[in-house]
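Since the structure comes first, as structure tokens, the remarks are kept for the end.
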Amino acid sequence: MSILPPGVRPATPRPRSPELRPVAHQFRPTEKPVRHEPGHASRALRAAGFGRAVAWLRPADRRVLWLYLLTRISLWITAHGARWLFPRGSDVREAGPVLVPFQQWDANHYLHIARDGYFPADAGPWMDGWDNREAFFPGFPLLLRAVHVVVPSWTAAGLLISLVAGAVAVLALSRMASSYVPEDTDGRRTALFFLLSPCAVFLAVGYTEALFLAFALPAWLAAQRHHWATAAALTALATTVRVSGLFMAAAIAVLFALSAWSGKGWRGAAWLALPALPPLAYSWYLHTRTGDWMAWKHAQERGWYRDFHMPWEAWKNTWNAAFEGLHTTGYAAIFQAELAAMVVGLVLVALLVRHRRWPEAVYVALSLWALGTSYWYVSIPRATLLWWPLWIGLAALSLRRPWFRTAYVCVAAPLSALVALAFLTGRWAG
């Protein structure tokens, strides 16, 4: 019998949820409450930013970056082995410092400019024994000095710049490949040909190739989409790194003209002048110090025999240096590589003209003219890294001729290893 008054219903008991448990039961002696440390929020924000960056990458981009990382690891293994197997001196008992193989040749020029400036203690081309450092444009040294604020080692700072810039460049190249070769959907085939190129080591050391491409290739992507302001700004950054940026500017101007004549209009033409400003500013700076508007060009002539000669004279002089026994075998091999790279470049220009790829043909042709009109050829094999139509064209050829990919890898891999060893052991350029 119920003892409640009429009309009053008994309360239905409710199940106890975990949220209503006593506080003493929720916190057991072995559990500790979460403590928010001072840097916890900033770390969370950085993690979220990294997550967004990773999410921005397409699956194809991640595959290309994985290939890029594997090739960087192979180069670092080669550098480590070079320290032990090919030391300087016949009675060396200990390998040199880890980063020593990377601090060779032009990397030293960039280090000196970043550390001491172009004219330290009023030194300059008016002095005997001058190193002609004004031949090198200021973009890479300025960035090197900035990164050195965070990275104490100059060599490590240069390697970090090339590592990041190379990743940007290879991503841009892989995305460009799909517009030229639709079958190469993720761009990995083009990236493979590029990353196994004979001079690929220069993308991984403290040189300008990776940084230049990190600006130039996205600039070309922007130009293809008719984003002329973005293309001009990125090309201007490229011209702070290498004079080759002006060749890219010329190619983009040709692309703009073709677009305008096809009915897209001439709006945005003023942006095409922007890439000329950094070289003009640098020439003005050198003029204030040396009285010479073309001081960077004259420094190249003094230090690297880049005074003007007709193309057939340059070919003859390079041929003699390569095959007439005028130099040691190391120098002769380099000159032979220069001749081979020139032939590759001429064939590439001919194919681009045949297929009416006028902007790309202008870019490569200007590069060949600049490098092929010196006393003899200098740095043409390295310049092949900047010829993006070459790597896209090789990928397209391998799709039509499946055997070509295997043949390329079998030939390019040992050549790439030999050039890497030559550079990392100080035997590059003889």
Side-chain angles (χ1 to χ4, degrees), residues 105-106 109 118 124-126 128-139 199 207-209 212 238-251 253-254 275-276 278-287 289-324 326-327 331-332 334-350 352-353 361-387 429-430:
W105 308 105
D106 290 356
H109 286 290
Y118 279 99
W126 48 85
D128 293 335
W130 178 242
D131 61 6
N132 299 302
R133 64 181 64 183
E134 66 272 24
F136 301 92
F137 276 42
C199 287
Y207 271 51
T208 58
E209 278 76 8
F212 173 81
T239 59
T240 69
V241 180
R242 296 175 65 101
V243 71
S244 307
L246 294 177
F247 310 153
M248 175 62 73
V254 173
L280 286 175
Y282 182 50
S283 296
W284 173 82
Y285 165 74
L286 293 179
H287 178 263
R289 302 301 301 269
T290 66
D292 182 3
W293 283 99
M294 297 296 292
W296 62 271
K297 179 66 170 62
H298 297 149
Q300 291 186 357
E301 294 173 356
R302 290 191 305 269
W304 292 270
Y305 299 97
R306 285 185 168 170
D307 51 325
F308 180 79
H309 284 72
M310 296 304 294
W312 50 88
E313 294 177 341
W315 175 274
K316 179 182 178 181
N317 293 334
T318 309
W319 182 276
N320 292 338
F323 298 109
E324 297 299 326
L326 303 177
H327 300 278
Y331 276 111
I334 296 300
F335 284 118
Q336 292 169 19
E338 298 283 350
L339 291 169
M342 173 58 76
V343 172
V344 169
L346 292 173
V347 172
L348 176 61
V349 171
L352 290 171
V353 170
V362 166
Y363 174 73
V364 180
L366 287 175
S367 176
L368 288 177
W369 178 262
L371 297 170
T373 53
S374 302
Y375 175 78
W376 52 31
Y377 299 157
V378 179
S379 301
I380 299 180
R382 281 172 49 197
T384 60
L385 292 170
L386 313 182
W387 301 343

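The figures that follow rest on heavy atoms only: side chains count, while hydrogens, waters and symmetry mates do not.
One N or O on the side chain of Lys297 and one on the backbone of Arg306 form a donor-acceptor pair closer than 3.5 Å. Without hydrogens or angle criteria, Tyr363 side chain to Leu386 main chain gives a donor-acceptor distance under 3.5 Å.
In summary, the side chains of Asp292 and His287 do not present any donor paired with an acceptor at a separation below 3.5 Å, with no hydrogens or angles considered.
Between Tyr207 atom OH and Leu385 atom CG the span is 12.0 Å, to the nearest 0.5 Å.
By the side chain to side chain contact (heavy atoms under 4.5 Å, CB included) test, Leu246 pairs with Thr239, Val243, Pro279, sequence neighbours left out. Partners of Phe247 according to the ring-ring contact (aromatic ring centres under 6.0 Å, His included) rule, which considers only residues two or more places apart in sequence or in another chain, do not exist here. Here Asp307 pairs with nothing under the salt bridge (Lys or Arg N to Asp or Glu O under 4.0 Å) rule; sequence neighbours left out. The ring-ring contact (aromatic ring centres under 6.0 Å, His included) search around Trp376 returns Tyr305, His327, Phe335, not counting sequence neighbours. In terms of the side chain to side chain donor-acceptor pair (under 3.5 Å) criterion, His109 has no residue partners (sequence neighbours excluded). Annotation: ring-ring contact (aromatic ring centres under 6.0 Å, His included) contacts of Tyr282 (sequence neighbours excluded): Tyr118, Phe137.
Here the shortest heavy-atom pairing between Leu368 and Met342 reads CD2-SD, 3.8 Å. The minimum heavy-atom distance linking Val378 with Leu371 is given by the pair O-CD2, 3.6 Å.
One finds no salt bridge joining Glu134 and Arg289 here, because no Lys/Arg side-chain nitrogen approaches an Asp/Glu carboxylate oxygen to under 4.0 Å. Looking at Asp131 and Arg302, no side-chain N of the basic residue comes within less than 4.0 Å of a carboxylate O on the acidic one, giving no salt bridge.
Less than 6.0 angstrom separates the ring centroid of Phe136 from the ring centroid of Trp304.
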